[in-house]
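To start, the structure itself, in structure tokens.
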Amino acid sequence: MGPELGSFLERPVLEVAPLLLGATLRHGQVAVRLTEVEAYDGANDPGSHAHRGPTARNSVMFGPAGHLYVYFTYGMHHCCNVVCGSEGMAAAVLLRAGEVVDGLETARQRRPGSPDRDLARGPARLCRALELDLGQNGARLDTPPLTLEPGPAPEDVASGPRVGLRHASDRAWRFWLPDEPTVSQYRPAVSRPRVRPGR
DNA sequence: CCCGTGATTCTCT
DNA sequence: GAGAATCACGGGC
């Protein structure tokens with residue numbers, strides 16, 4: 001890891017997460033400026049994939065900072081996180097949305113008919129715009145074609161509850177840049193009918 | 001609001 | 001091992 005990026009990401013996840021707003025994630029010719037993220041605090045955090053300890057899927061989170069943790073969900077979507085904190089803590093920041101700032105034509109081809117502001121608006125769309133999938137799980141963020149360039153510290157950061165979790169959704173660990181049109185629309189969790197456990 | 005879609009993980013044998 | 005629930009989502013109506 002480049003010494004600067006490495007030491008930045010090794011800081012506690014609740015410090016790093018808001019500072020990632022305005023940073024630029026590039027994969028090949030497409031680059032996205034981050035406008036919305038969520039913090040996940042490893043084993044301490046009931047909302048984290050790492051909450052129940054290391055598994056085959058989440059093992060990257062338990063490694064050193066500065067790598068990408070990508071997972072596949074709902075049978076069709078990918079989501080990506082930046083691993084941060086010290087090794088073993090399994091802290092990570094979910095990248096929820098951003099603005100495509102380079103490779104716009106390529107990103108449009110990956111989501112035909114979509115307005116530009118929606119190309120990376122939402123965690124699965126962001127992965128699609130950047131063409132991130134399981135092939136990038138564990139990849140370093142300081143080596144082309146995959147790079148993360150921190151920006152200047154954001155002037156104004158909003159925060160609120162995380163989205164779409166069953167557990168620990170009360171923690172206000174979602175951070176976004178106010179007045180950015182690419183921030184994902186808040187969608188209240190739809191409560192699906194639960195089959196009553198037997199008896 | 002509903003629902004696709006399939007990997008992952010949990011729970012019970 | 002098998003069967004079942006869950007799921008850090010997004011598109012369509």
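Below, chains carry the letters A, B, ... as their sequence lines are ordered, and counting in each starts from 1.
- When each of A:M76 and A:L134 is assigned the nucleotide of DNA chain B with its nearest heavy atom, A:M76 is the one assigned upstream, toward the 5' end.
- Looking at heavy-atom distances under 4.0 Å, A:L165 makes contact with sugar-phosphate atoms alone, never a base.
- Between A:R162 and A:D45, at least one side-chain nitrogen of the basic residue sits less than 4.0 Å from a carboxylate oxygen of the acidic one, meeting the salt-bridge criterion.
- Close to B:dT5, at under 4.0 Å from its OP1 or OP2, lies no side-chain N or O of A:H77.
- Between A:Y74 atom OH and B:dA7 atom P there is a gap of 16 Å when expressed in whole angstrom units.
- Dashed line: the shortest gap from a side-chain N or O of A:R125 to OP1 or OP2 of C:dC9 is not under 4.0 Å.
- Side-chain atoms of A:Q29 and A:T106 include a donor-acceptor pair closer than 3.5 Å.
- Using a 4.0 Å heavy-atom distance criterion, A:R128 is classed as making no nucleic acid contact.
- Judged purely by distance below 3.5 Å, without hydrogens or angles, the side chains of A:S86 and A:E10 never pair a donor atom with an acceptor atom.
- At a threshold of 4.0 angstrom between heavy atoms, the contacts of A:R162 with the nucleic acid are absent.
- With a 3.5 Å limit on both pairing distances and Watson-Crick or G-U wobble geometry required, the stems of 3 or more pairs in DNA chain C span B:1-4 with C:9-12, B:6-12 with C:1-7.
- Remark: ring of A:Y40 overlaps the six-membered base ring of C:dA8 in a stacked fashion, centroids less than 5.5 Å apart, planes less than 30° apart.
- The distance between the ring centers of A:H49 and A:Y71 falls below 6.0 angstrom.
- Among the nucleotides B:dT9, C:dC9, C:dA8, the one closest to any side-chain atom of A:T55 is B:dT9.
- At least one test fails for A:R57 against the ring of A:Y69: distance under 6.0 Å to the centre or angle within 45° of the axis.
- The heavy-atom pair separating A:L21 from A:V157 by the smallest distance is CD1-CG1, 3.7 Å.
- Nucleotide C:dC9 holds its P atom 14 Å from the NE2 atom of A:H78, rounded to whole Å.
- The 5' end of DNA chain B is approached more closely, in terms of each residue's nearest nucleotide, by A:F72 than by the other of A:R52 and A:F72.
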